[in-house]
Protein chains: 2
Amino acid sequence: MATEMSIQAAFQEVMAASGEIPPKQQQVLTASLALFAEQGFANTTTKQIAERAGVAEGTVYRRYKTKDELLAAVLAPFTTEVLPKLVKEFAAKVVRQKYTTRHALITAVITDRLAFLQDNSQVMRVLVTELLVRTDLREQFLARAVPMVQANLYPILDQLKAVQELPDWPNDRIAQFMIGTMVSQFIRSSFTAEPVATVGPLMIQFLEQGLAPEPTA
Amino acid sequence: MATEMSIQAAFQEVMAASGEIPPKQQQVLTASLALFAEQGFANTTTKQIAERAGVAEGTVYRRYKTKDELLAAVLAPFTTEVLPKLVKEFAAKVVRQKYTTRHALITAVITDRLAFLQDNSQVMRVLVTELLVRTDLREQFLARAVPMVQANLYPILDQLKAVQELPDWPNDRIAQFMIGTMVSQFIRSSFTAEPVATVGPLMIQFLEQGLAPEPTA
DNA sequence: CAATGGTGAGTGGATACTCACTCATTTCTA
DNA sequence: TAGAAATGAGTGAGTATCCACTCACCATTG
(Lines give C-alpha, C1' and ligand atoms only; values in the text may rest on other atoms or scores of the structure.)
Protein backbone atom coordinates (compact mmCIF):
# COMPACT_ATOMS: atom_id res chain seq x y z
CA MET A 1 0.00 0.00 0.00
CA ALA A 2 1.05 3.51 -0.68
CA THR A 3 0.56 4.46 2.93
CA GLU A 4 3.30 2.37 4.40
CA MET A 5 6.14 4.50 3.23
CA SER A 6 5.11 7.69 4.95
CA ILE A 7 3.98 5.83 8.04
CA GLN A 8 7.37 4.25 8.21
CA ALA A 9 8.81 7.67 7.68
CA ALA A 10 6.94 8.96 10.68
CA PHE A 11 8.24 6.15 12.83
CA GLN A 12 11.68 6.66 11.46
CA GLU A 13 11.71 10.08 13.02
CA VAL A 14 10.96 8.67 16.43
CA MET A 15 13.59 6.00 16.02
CA ALA A 16 16.20 8.54 15.11
CA ALA A 17 15.16 10.89 17.86
CA SER A 18 15.00 8.54 20.82
CA GLY A 19 17.92 6.22 20.21
CA GLU A 20 17.55 2.75 18.75
CA ILE A 21 14.24 0.98 18.55
CA PRO A 22 14.80 -2.72 17.88
CA PRO A 23 13.16 -4.14 14.76
CA LYS A 24 10.58 -6.26 16.53
CA GLN A 25 9.38 -3.25 18.48
CA GLN A 26 8.92 -1.48 15.21
CA GLN A 27 6.88 -4.40 13.92
CA VAL A 28 4.74 -4.07 17.03
CA LEU A 29 4.11 -0.41 16.34
CA THR A 30 3.33 -1.04 12.70
CA ALA A 31 0.96 -3.88 13.50
CA SER A 32 -0.75 -1.85 16.21
CA LEU A 33 -1.30 1.06 13.88
CA ALA A 34 -2.70 -1.14 11.14
CA LEU A 35 -5.07 -2.96 13.47
CA PHE A 36 -6.21 0.17 15.26
CA ALA A 37 -7.00 1.70 11.89
CA GLU A 38 -8.89 -1.36 10.70
CA GLN A 39 -10.85 -2.24 13.82
CA GLY A 40 -10.50 0.63 16.24
CA PHE A 41 -8.44 0.65 19.41
CA ALA A 42 -10.99 -0.92 21.73
CA ASN A 43 -11.74 -3.79 19.37
CA THR A 44 -8.09 -4.76 18.98
CA THR A 45 -6.51 -7.31 21.33
CA THR A 46 -2.88 -7.50 22.26
CA LYS A 47 -2.91 -11.07 21.02
CA GLN A 48 -3.88 -9.86 17.56
CA ILE A 49 -1.08 -7.33 17.65
CA ALA A 50 1.43 -9.99 18.60
CA GLU A 51 0.23 -12.29 15.84
CA ARG A 52 0.33 -9.69 13.10
CA ALA A 53 3.73 -8.47 14.25
CA GLY A 54 5.01 -12.05 14.24
CA VAL A 55 6.07 -11.71 17.83
CA ALA A 56 5.27 -13.17 21.25
CA GLU A 57 2.71 -11.41 23.36
CA GLY A 58 5.27 -10.56 26.00
CA THR A 59 7.22 -8.61 23.42
CA VAL A 60 4.31 -6.25 22.98
CA TYR A 61 4.73 -5.23 26.60
CA ARG A 62 8.51 -5.01 26.71
CA ARG A 63 8.77 -1.35 25.83
CA TYR A 64 5.25 -0.04 26.27
CA LYS A 65 3.81 -1.10 29.56
CA THR A 66 0.11 -0.74 28.74
CA LYS A 67 -2.10 -0.87 25.71
CA ASP A 68 -2.83 2.83 26.18
CA GLU A 69 0.86 3.63 26.04
CA LEU A 70 0.91 1.79 22.75
CA LEU A 71 -1.84 4.01 21.41
CA ALA A 72 0.03 7.06 22.60
CA ALA A 73 3.22 5.80 20.98
CA VAL A 74 1.42 5.31 17.71
CA LEU A 75 -0.21 8.74 17.73
CA ALA A 76 2.57 10.76 19.35
CA PRO A 77 4.86 11.01 16.34
CA PHE A 78 1.98 12.38 14.33
CA THR A 79 1.03 15.15 16.72
CA THR A 80 4.49 16.04 17.96
CA GLU A 81 6.58 15.63 14.82
CA VAL A 82 4.53 15.26 11.69
CA LEU A 83 1.73 17.73 12.28
CA PRO A 84 3.97 20.64 13.35
CA LYS A 85 6.22 20.03 10.41
CA LEU A 86 3.19 19.85 8.16
CA VAL A 87 1.85 23.19 9.29
CA LYS A 88 5.15 25.02 9.54
CA GLU A 89 6.53 23.84 6.23
CA PHE A 90 3.33 24.93 4.66
CA ALA A 91 3.41 28.36 6.26
CA ALA A 92 7.03 28.81 5.31
CA LYS A 93 6.35 27.82 1.74
CA VAL A 94 3.41 30.16 1.47
CA VAL A 95 5.36 33.06 2.88
CA ARG A 96 8.38 32.35 0.74
CA GLN A 97 6.39 32.18 -2.45
CA LYS A 98 4.42 35.26 -1.48
CA TYR A 99 0.97 33.90 -2.28
CA THR A 100 -1.28 36.87 -2.50
CA THR A 101 -4.35 35.17 -3.90
CA ARG A 102 -6.61 32.70 -2.22
CA HIS A 103 -6.44 30.61 -5.36
CA ALA A 104 -2.76 30.00 -4.79
CA LEU A 105 -3.32 29.38 -1.11
CA ILE A 106 -6.14 26.93 -1.60
CA THR A 107 -4.40 25.14 -4.41
CA ALA A 108 -1.39 24.69 -2.19
CA VAL A 109 -3.48 23.39 0.67
CA ILE A 110 -5.46 20.94 -1.41
CA THR A 111 -2.84 19.45 -3.66
CA ASP A 112 -0.04 19.41 -1.16
CA ARG A 113 -1.51 18.87 2.28
CA LEU A 114 -4.45 16.70 1.35
CA ALA A 115 -2.15 14.31 -0.40
CA PHE A 116 -0.03 14.24 2.70
CA LEU A 117 -2.99 13.42 4.88
CA GLN A 118 -4.01 10.63 2.56
CA ASP A 119 -0.53 9.19 2.70
CA ASN A 120 -0.92 9.08 6.46
CA SER A 121 -4.44 7.77 6.26
CA GLN A 122 -3.93 5.09 8.88
CA VAL A 123 -2.82 7.45 11.62
CA MET A 124 -5.45 9.96 10.62
CA ARG A 125 -8.10 7.29 10.83
CA VAL A 126 -7.07 6.23 14.31
CA LEU A 127 -6.76 9.82 15.43
CA VAL A 128 -10.18 10.82 14.15
CA THR A 129 -12.00 7.86 15.66
CA GLU A 130 -10.31 8.13 19.03
CA LEU A 131 -10.78 11.89 19.23
CA LEU A 132 -14.50 11.37 18.90
CA VAL A 133 -14.64 9.14 21.96
CA ARG A 134 -11.76 9.88 24.30
CA THR A 135 -12.20 13.20 26.02
CA ASP A 136 -8.71 13.37 27.46
CA LEU A 137 -7.06 12.67 24.14
CA ARG A 138 -9.22 15.27 22.43
CA GLU A 139 -8.32 18.01 24.86
CA GLN A 140 -4.67 17.11 24.71
CA PHE A 141 -4.68 17.14 20.93
CA LEU A 142 -6.59 20.39 20.62
CA ALA A 143 -4.30 22.05 23.13
CA ARG A 144 -1.44 21.30 20.77
CA ALA A 145 -3.03 21.64 17.36
CA VAL A 146 -5.18 24.72 17.75
CA PRO A 147 -2.42 27.15 18.78
CA MET A 148 -0.24 25.76 16.05
CA VAL A 149 -2.84 26.48 13.40
CA GLN A 150 -3.57 29.85 14.91
CA ALA A 151 0.05 30.85 14.93
CA ASN A 152 0.81 29.74 11.39
CA LEU A 153 -2.36 29.92 9.37
CA TYR A 154 -4.18 32.89 10.85
CA PRO A 155 -1.58 35.53 9.93
CA ILE A 156 -1.79 34.37 6.35
CA LEU A 157 -5.54 34.62 6.41
CA ASP A 158 -5.36 38.12 7.89
CA GLN A 159 -2.98 39.12 5.17
CA LEU A 160 -5.30 37.87 2.46
CA LYS A 161 -8.25 39.58 4.08
CA ALA A 162 -6.34 42.84 3.97
CA VAL A 163 -5.98 42.63 0.21
CA GLN A 164 -9.63 41.64 -0.26
CA GLU A 165 -8.81 38.08 -1.18
CA LEU A 166 -10.83 36.66 1.68
CA PRO A 167 -14.10 37.75 3.27
CA ASP A 168 -14.04 39.34 6.68
CA TRP A 169 -15.13 36.19 8.50
CA PRO A 170 -13.66 34.92 11.76
CA ASN A 171 -10.50 32.97 11.10
CA ASP A 172 -11.76 29.88 12.88
CA ARG A 173 -14.72 29.74 10.49
CA ILE A 174 -12.56 30.04 7.42
CA ALA A 175 -10.29 27.36 8.79
CA GLN A 176 -13.26 25.15 9.56
CA PHE A 177 -14.59 25.41 6.02
CA MET A 178 -11.23 24.46 4.61
CA ILE A 179 -10.55 21.68 7.06
CA GLY A 180 -14.11 20.37 6.88
CA THR A 181 -13.97 20.17 3.11
CA MET A 182 -10.64 18.38 3.26
CA VAL A 183 -11.55 15.94 5.99
CA SER A 184 -14.85 14.98 4.40
CA GLN A 185 -12.96 14.22 1.21
CA PHE A 186 -10.34 12.38 3.18
CA ILE A 187 -12.86 10.15 4.90
CA ARG A 188 -14.68 9.47 1.69
CA SER A 189 -11.58 8.49 -0.21
CA SER A 190 -10.33 6.42 2.70
CA PHE A 191 -13.21 4.12 1.84
CA THR A 192 -13.32 4.38 -1.91
CA ALA A 193 -9.55 4.58 -2.36
CA GLU A 194 -9.92 7.21 -5.04
CA PRO A 195 -6.85 9.36 -5.71
CA VAL A 196 -6.80 13.05 -4.86
CA ALA A 197 -5.89 14.08 -8.35
CA THR A 198 -9.37 13.41 -9.67
CA VAL A 199 -11.22 15.48 -7.06
CA GLY A 200 -8.63 18.13 -6.42
CA PRO A 201 -9.68 20.65 -9.05
CA LEU A 202 -13.33 20.58 -7.99
CA MET A 203 -12.49 21.10 -4.34
CA ILE A 204 -10.22 23.98 -5.22
CA GLN A 205 -12.89 25.66 -7.25
CA PHE A 206 -15.52 25.08 -4.61
CA LEU A 207 -13.36 26.52 -1.86
CA GLU A 208 -12.14 29.38 -3.97
CA GLN A 209 -15.68 30.47 -4.78
CA GLY A 210 -16.96 29.79 -1.31
CA LEU A 211 -14.25 31.86 0.27
CA ALA A 212 -14.53 34.72 -2.17
CA PRO A 213 -14.94 38.05 -0.39
CA GLU A 214 -18.35 39.63 -0.40
CA PRO A 215 -18.56 42.58 -2.77
CA THR A 216 -17.56 45.65 -0.74
CA ALA A 217 -20.78 47.50 -0.11
CA MET B 1 -31.11 18.63 27.48
CA ALA B 2 -32.74 19.70 24.28
CA THR B 3 -31.83 16.42 22.63
CA GLU B 4 -33.98 14.16 24.74
CA MET B 5 -37.24 15.12 23.21
CA SER B 6 -36.44 14.17 19.68
CA ILE B 7 -34.62 11.06 20.77
CA GLN B 8 -37.65 10.03 22.70
CA ALA B 9 -39.70 10.90 19.66
CA ALA B 10 -37.62 8.55 17.59
CA PHE B 11 -38.13 5.73 20.04
CA GLN B 12 -41.78 6.60 20.27
CA GLU B 13 -42.14 5.72 16.64
CA VAL B 14 -40.72 2.28 17.15
CA MET B 15 -42.87 1.72 20.18
CA ALA B 16 -45.98 2.67 18.31
CA ALA B 17 -44.99 0.65 15.29
CA SER B 18 -44.02 -2.68 16.86
CA GLY B 19 -46.57 -3.04 19.62
CA GLU B 20 -45.83 -2.33 23.23
CA ILE B 21 -42.34 -1.87 24.54
CA PRO B 22 -42.42 -2.00 28.35
CA PRO B 23 -41.09 1.07 30.18
CA LYS B 24 -37.98 -0.57 31.56
CA GLN B 25 -36.97 -1.71 28.12
CA GLN B 26 -37.29 1.85 27.01
CA GLN B 27 -35.07 2.93 29.88
CA VAL B 28 -32.55 0.37 28.70
CA LEU B 29 -32.60 1.81 25.19
CA THR B 30 -32.29 5.36 26.43
CA ALA B 31 -29.42 4.50 28.77
CA SER B 32 -27.65 2.55 26.04
CA LEU B 33 -27.89 5.41 23.61
CA ALA B 34 -26.60 7.93 26.13
CA LEU B 35 -23.67 5.76 27.17
CA PHE B 36 -22.76 4.78 23.62
CA ALA B 37 -22.72 8.45 22.70
CA GLU B 38 -20.58 9.40 25.69
CA GLN B 39 -18.09 6.55 25.70
CA GLY B 40 -18.49 4.66 22.47
CA PHE B 41 -20.04 1.25 22.06
CA ALA B 42 -16.98 -0.84 22.83
CA ASN B 43 -16.17 1.08 26.00
CA THR B 44 -19.63 0.63 27.46
CA THR B 45 -20.43 -2.37 29.66
CA THR B 46 -23.81 -3.96 30.11
CA LYS B 47 -23.43 -3.38 33.82
CA GLN B 48 -23.19 0.36 33.23
CA ILE B 49 -26.29 0.22 31.08
CA ALA B 50 -28.21 -1.63 33.77
CA GLU B 51 -27.12 0.84 36.43
CA ARG B 52 -28.03 3.93 34.45
CA ALA B 53 -31.36 2.43 33.43
CA GLY B 54 -32.09 1.54 37.05
CA VAL B 55 -32.60 -2.06 36.11
CA ALA B 56 -31.11 -5.47 36.75
CA GLU B 57 -28.52 -6.71 34.32
CA GLY B 58 -30.73 -9.58 33.27
CA THR B 59 -33.32 -7.10 32.10
CA VAL B 60 -30.89 -5.74 29.58
CA TYR B 61 -30.89 -9.11 27.89
CA ARG B 62 -34.59 -9.87 28.06
CA ARG B 63 -35.54 -8.40 24.72
CA TYR B 64 -32.22 -7.96 22.96
CA LYS B 65 -30.15 -11.08 23.19
CA THR B 66 -26.74 -9.56 22.58
CA LYS B 67 -25.03 -6.23 23.04
CA ASP B 68 -24.81 -5.92 19.27
CA GLU B 69 -28.56 -6.31 18.96
CA LEU B 70 -28.84 -3.46 21.41
CA LEU B 71 -26.70 -1.26 19.20
CA ALA B 72 -28.80 -2.20 16.21
CA ALA B 73 -31.98 -1.44 18.14
CA VAL B 74 -30.63 1.98 19.06
CA LEU B 75 -29.58 2.87 15.52
CA ALA B 76 -32.36 1.20 13.59
CA PRO B 77 -35.08 3.80 14.21
CA PHE B 78 -32.74 6.48 12.93
CA THR B 79 -31.91 4.84 9.63
CA THR B 80 -35.28 3.22 8.97
CA GLU B 81 -37.69 5.86 10.26
CA VAL B 82 -36.04 9.18 10.98
CA LEU B 83 -33.61 9.50 8.09
CA PRO B 84 -36.09 8.60 5.34
CA LYS B 85 -38.61 11.00 6.79
CA LEU B 86 -35.90 13.64 7.03
CA VAL B 87 -34.98 13.35 3.39
CA LYS B 88 -38.46 12.91 2.00
CA GLU B 89 -40.05 15.71 3.97
CA PHE B 90 -37.27 17.92 2.78
CA ALA B 91 -37.68 16.96 -0.82
CA ALA B 92 -41.44 17.39 -0.60
CA LYS B 93 -41.09 20.80 0.97
CA VAL B 94 -38.62 21.93 -1.64
CA VAL B 95 -40.78 20.77 -4.49
CA ARG B 96 -43.93 22.24 -2.97
CA GLN B 97 -42.38 25.63 -2.44
CA LYS B 98 -40.82 25.53 -5.88
CA TYR B 99 -37.34 26.60 -4.86
CA THR B 100 -35.63 27.73 -7.99
CA THR B 101 -32.53 29.29 -6.48
CA ARG B 102 -29.69 27.58 -4.70
CA HIS B 103 -29.97 30.23 -2.03
CA ALA B 104 -33.40 28.97 -1.06
CA LEU B 105 -32.28 25.38 -1.26
CA ILE B 106 -29.19 25.87 0.85
CA THR B 107 -30.98 28.00 3.39
CA ALA B 108 -33.58 25.31 3.77
CA VAL B 109 -30.96 22.63 4.18
CA ILE B 110 -28.90 24.51 6.72
CA THR B 111 -31.52 26.02 8.99
CA ASP B 112 -33.92 23.14 8.88
CA ARG B 113 -31.97 19.96 8.53
CA LEU B 114 -28.88 20.95 10.48
CA ALA B 115 -31.02 21.83 13.47
CA PHE B 116 -32.66 18.48 13.14
CA LEU B 117 -29.33 16.69 13.15
CA GLN B 118 -28.24 18.59 16.21
CA ASP B 119 -31.42 17.61 17.99
CA ASN B 120 -30.50 14.03 17.31
CA SER B 121 -26.89 14.55 18.20
CA GLN B 122 -26.63 11.45 20.36
CA VAL B 123 -27.67 9.03 17.65
CA MET B 124 -25.62 10.90 15.09
CA ARG B 125 -22.59 10.66 17.29
CA VAL B 126 -22.96 6.91 17.77
CA LEU B 127 -23.67 6.41 14.10
CA VAL B 128 -20.65 8.39 12.94
CA THR B 129 -18.20 6.71 15.30
CA GLU B 130 -19.43 3.21 14.59
CA LEU B 131 -19.56 3.75 10.84
CA LEU B 132 -15.87 4.56 10.91
CA VAL B 133 -14.96 1.25 12.47
CA ARG B 134 -17.58 -1.37 11.65
CA THR B 135 -17.43 -2.39 8.02
CA ASP B 136 -20.68 -4.33 8.03
CA LEU B 137 -22.65 -1.50 9.58
CA ARG B 138 -21.17 0.95 7.11
CA GLU B 139 -22.15 -1.07 4.08
CA GLN B 140 -25.60 -1.66 5.45
CA PHE B 141 -26.10 2.02 6.17
CA LEU B 142 -24.78 3.20 2.83
CA ALA B 143 -26.94 0.68 1.02
CA ARG B 144 -29.96 2.39 2.55
CA ALA B 145 -28.91 6.02 2.69
CA VAL B 146 -27.23 6.52 -0.67
CA PRO B 147 -30.17 5.49 -2.87
CA MET B 148 -32.45 7.57 -0.70
CA VAL B 149 -30.37 10.67 -1.21
CA GLN B 150 -29.99 9.92 -4.89
CA ALA B 151 -33.70 9.49 -5.39
CA ASN B 152 -34.73 12.61 -3.50
CA LEU B 153 -31.92 15.12 -3.72
CA TYR B 154 -30.42 14.49 -7.14
CA PRO B 155 -33.50 15.43 -9.18
CA ILE B 156 -33.59 18.75 -7.37
CA LEU B 157 -29.94 19.34 -8.11
CA ASP B 158 -30.46 18.48 -11.77
CA GLN B 159 -33.31 20.93 -11.92
CA LEU B 160 -31.19 23.72 -10.45
CA LYS B 161 -28.37 22.90 -12.81
CA ALA B 162 -30.76 23.29 -15.72
CA VAL B 163 -31.56 26.85 -14.74
CA GLN B 164 -27.92 27.71 -14.15
CA GLU B 165 -28.29 27.85 -10.41
CA LEU B 166 -25.69 25.14 -9.83
CA PRO B 167 -22.46 24.31 -11.63
CA ASP B 168 -22.30 21.25 -13.84
CA TRP B 169 -20.51 19.10 -11.30
CA PRO B 170 -21.34 15.48 -10.50
CA ASN B 171 -24.21 15.28 -8.08
CA ASP B 172 -22.27 13.22 -5.57
CA ARG B 173 -19.67 15.96 -5.35
CA ILE B 174 -22.22 18.68 -4.76
CA ALA B 175 -23.86 16.51 -2.12
CA GLN B 176 -20.49 15.85 -0.53
CA PHE B 177 -19.69 19.55 -0.26
CA MET B 178 -23.01 20.23 1.38
CA ILE B 179 -22.92 17.24 3.70
CA GLY B 180 -19.26 17.75 4.56
CA THR B 181 -19.86 21.36 5.50
CA MET B 182 -22.82 20.39 7.64
CA VAL B 183 -21.20 17.44 9.36
CA SER B 184 -18.03 19.35 10.17
CA GLN B 185 -20.18 22.00 11.79
CA PHE B 186 -22.20 19.35 13.54
CA ILE B 187 -19.15 17.69 15.03
CA ARG B 188 -17.67 20.99 16.10
CA SER B 189 -20.79 22.17 17.82
CA SER B 190 -21.33 18.80 19.44
CA PHE B 191 -18.23 19.67 21.47
CA THR B 192 -18.65 23.39 21.93
CA ALA B 193 -22.44 23.26 22.32
CA GLU B 194 -22.87 26.39 20.23
CA PRO B 195 -26.28 26.90 18.66
CA VAL B 196 -26.78 26.70 14.93
CA ALA B 197 -28.30 30.14 14.71
CA THR B 198 -24.95 31.85 15.17
CA VAL B 199 -23.13 29.99 12.41
CA GLY B 200 -25.96 29.40 10.02
CA PRO B 201 -25.70 32.58 7.97
CA LEU B 202 -21.99 32.11 7.37
CA MET B 203 -22.42 28.54 6.25
CA ILE B 204 -25.21 29.52 3.93
CA GLN B 205 -23.12 32.21 2.36
CA PHE B 206 -20.11 29.94 2.05
CA LEU B 207 -22.09 27.19 0.38
CA GLU B 208 -24.01 29.57 -1.82
CA GLN B 209 -20.84 31.11 -3.18
CA GLY B 210 -19.01 27.81 -3.35
CA LEU B 211 -21.77 26.21 -5.34
CA ALA B 212 -22.26 29.14 -7.68
CA PRO B 213 -22.16 28.04 -11.31
CA GLU B 214 -19.08 28.86 -13.29
CA PRO B 215 -19.63 31.71 -15.73
CA THR B 216 -20.77 30.12 -18.99
CA ALA B 217 -17.78 30.33 -21.30
C1' DC C 1 29.38 -12.51 32.61
C1' DA C 2 26.24 -8.53 32.21
C1' DA C 3 22.85 -6.49 29.73
C1' DT C 4 19.29 -6.32 26.76
C1' DG C 5 15.62 -8.26 23.80
C1' DG C 6 12.51 -11.87 23.35
C1' DT C 7 9.32 -15.71 24.89
C1' DG C 8 4.83 -17.86 26.03
C1' DA C 9 2.49 -20.14 29.67
C1' DG C 10 0.05 -18.33 33.36
C1' DT C 11 -3.02 -15.09 36.29
C1' DG C 12 -6.48 -12.10 38.05
C1' DG C 13 -10.04 -9.44 37.01
C1' DA C 14 -13.57 -7.94 34.09
C1' DT C 15 -17.42 -8.76 31.09
C1' DA C 16 -21.00 -10.63 28.11
C1' DC C 17 -24.38 -13.65 28.76
C1' DT C 18 -27.47 -17.42 31.39
C1' DC C 19 -30.89 -19.37 34.23
C1' DA C 20 -33.71 -20.64 37.96
C1' DC C 21 -36.71 -18.03 40.37
C1' DT C 22 -40.24 -14.16 41.88
C1' DC C 23 -44.19 -11.53 41.23
C1' DA C 24 -47.84 -9.11 39.10
C1' DT C 25 -51.26 -9.33 35.73
C1' DT C 26 -54.26 -11.74 32.67
C1' DT C 27 -56.89 -15.67 31.19
C1' DC C 28 -59.18 -19.79 31.97
C1' DT C 29 -62.49 -22.69 34.53
C1' DA C 30 -66.09 -24.55 37.80
C1' DT D 1 -67.25 -14.62 40.69
C1' DA D 2 -63.60 -17.15 43.36
C1' DG D 3 -59.96 -19.56 42.57
C1' DA D 4 -56.51 -21.85 39.59
C1' DA D 5 -53.38 -21.62 35.91
C1' DA D 6 -50.66 -19.38 32.62
C1' DT D 7 -47.94 -15.73 31.02
C1' DG D 8 -44.12 -12.84 30.75
C1' DA D 9 -41.39 -8.97 32.57
C1' DG D 10 -37.95 -8.50 35.92
C1' DT D 11 -34.13 -10.17 38.92
C1' DG D 12 -29.33 -10.99 40.35
C1' DA D 13 -26.23 -14.46 41.54
C1' DG D 14 -23.52 -17.33 38.77
C1' DT D 15 -20.55 -18.90 34.69
C1' DA D 16 -17.54 -19.32 30.89
C1' DT D 17 -14.65 -16.71 28.32
C1' DC D 18 -11.63 -13.35 27.18
C1' DC D 19 -8.07 -10.16 27.62
C1' DA D 20 -4.60 -7.05 29.47
C1' DC D 21 -0.74 -7.81 31.77
C1' DT D 22 3.26 -10.58 34.41
C1' DC D 23 7.19 -13.28 35.17
C1' DA D 24 10.52 -16.75 35.24
C1' DC D 25 13.34 -18.29 31.80
C1' DC D 26 16.08 -18.33 27.25
C1' DA D 27 19.20 -16.25 23.48
C1' DT D 28 22.38 -13.15 21.70
C1' DT D 29 25.81 -9.81 21.82
C1' DG D 30 29.58 -6.99 23.63
Side-chain angles (χ1 to χ4, degrees), chain A residues 11-12 14-75 126 129-130 133-134 136-137, chain B residues 11-12 14-36 38-75 126 130 133-134 136-137:
Chain A
F11 285 151
Q12 232 71 344
V14 183
M15 278 181 45
S18 59
E20 272 304 310
I21 289 189
K24 293 213 171 181
Q25 295 297 333
Q26 214 185 330
Q27 293 168 28
V28 168
L29 286 177
T30 309
S32 299
L33 176 59
L35 286 168
F36 293 166
E38 287 170 23
Q39 312 175 336
F41 174 76
N43 303 318
T44 300
T45 70
T46 50
K47 194 181 173 192
Q48 287 179 308
I49 296 175
E51 275 171 8
R52 173 149 333 178
V55 141
E57 209 176 337
T59 309
V60 174
Y61 284 90
R62 178 119 295 246
R63 180 169 297 254
Y64 308 102
K65 277 170 272 295
T66 68
K67 203 182 150 195
D68 278 284
E69 268 188 43
L70 205 49
L71 175 64
V74 157
L75 293 182
V126 178
T129 47
E130 293 309 315
V133 154
R134 299 171 73 105
D136 51 337
L137 204 72
Chain B
F11 285 152
Q12 231 71 341
V14 183
M15 275 182 44
S18 60
E20 272 304 308
I21 289 188
K24 294 214 171 181
Q25 295 298 334
Q26 212 185 331
Q27 293 168 30
V28 168
L29 287 177
T30 309
S32 298
L33 175 59
L35 286 168
F36 293 165
E38 288 170 23
Q39 312 175 336
F41 174 77
N43 302 319
T44 300
T45 71
T46 50
K47 194 182 172 192
Q48 286 178 309
I49 295 174
E51 275 171 9
R52 176 152 325 182
V55 140
E57 208 175 338
T59 309
V60 175
Y61 284 93
R62 179 125 292 256
R63 182 168 295 254
Y64 308 104
K65 277 171 271 295
T66 68
K67 206 181 145 194
D68 277 283
E69 269 187 39
L70 205 49
L71 174 65
V74 158
L75 293 183
V126 178
E130 294 309 315
V133 154
R134 300 171 71 106
D136 50 339
L137 204 72

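A note on names: the letters A, B, ... follow the listed sequences, proteins ahead of strands, and every chain is numbered from 1.
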Close N/O contacts between protein and nucleotides 7-13 of chain D (under 3.5 Å):
from   : atom 1 : to    : atom 2 : distance (Å)
D:dA9  : N7     : B:R62 : NH1    : 3.2
D:dG10 : OP2    : B:Q25 : NE2    : 3.0
D:dG10 : N7     : B:R62 : NE     : 3.0
D:dG10 : N7     : B:R62 : NH2    : 3.4
D:dG10 : O6     : B:R62 : NH2    : 3.2
D:dT11 : OP1    : B:K24 : NZ     : 2.9
D:dT11 : OP2    : B:A56 : N      : 3.0
D:dT11 : OP2    : B:T59 : OG1    : 2.5
D:dG12 : N7     : B:G58 : N      : 3.3

Exercise. Rounded to whole angstroms, how far apart are NZ on B:K47 and P on D:dG14?
Worked result: 15 Å
For this session: Report the distance from atom CG of A:L70 to atom C1' of D:dC21, rounded to the nearest whole Å.
Result: 13 Å
For this session: Could you tell me the separation between the CZ atom of A:F41 and the C1' atom of D:dA20, rounded to a whole number of Å?
Result: 10 Å
Seminar exercise, completed: residues 24-49 of chain A vs ring pair (Phe, Tyr, Trp, His ring centres under 6.0 Å), sequence neighbours excluded, gives A:F36-A:F41
Seminar exercise, completed: When rounded to whole Å, the CG to P distance for the pair A:N43 and D:dC18 reads 15 Å
Exercise. For the helix from C:dC1-D:dG30 to C:dA30-D:dT1, what angle lies between the axis at the first five pairs and the axis at the last five pairs, to 10 degrees?
Worked result: 10°
Seminar exercise, completed: Contacted region of DNA chain C by chain B, from 5' end to 3' end of the hits, cut-off under 4.0 Å to heavy atoms, spans C:dT15 to C:dT18
Exercise. CD1 of A:I49 versus P of D:dC19: gap in Å, rounded?
Worked result: 12 Å
Exercise. To the nearest 0.5 Å, how far apart are CD in A:E130 and CG in A:D136?
Worked result: 10.0 Å
Exercise. A:L35 CG to D:dC19 C1': how many Å, rounded?
Worked result: 15 Å
For this session: Would you mind reading off the distance between A:D68 atom CG and D:dC19 atom C1', rounded to a whole angstrom?
Result: 14 Å
Name the atoms and distances for all side-chain donor-acceptor pairs under 3.5 Å in residues 49-59 of chain A, with sequence neighbours left out.
from  : atom 1 : to    : atom 2 : distance (Å)
A:R52 : NH1    : A:E38 : OE2    : 2.9
A:R52 : NH2    : A:E38 : OE1    : 3.2
A:E57 : OE2    : A:T46 : OG1    : 2.9
A:T59 : OG1    : A:A56 : O      : 3.3

Seminar exercise, completed: Contacts satisfying ring pair (Phe, Tyr, Trp, His ring centres under 6.0 Å) that involve residues 42-64 of chain B (not counting sequence neighbours) are none
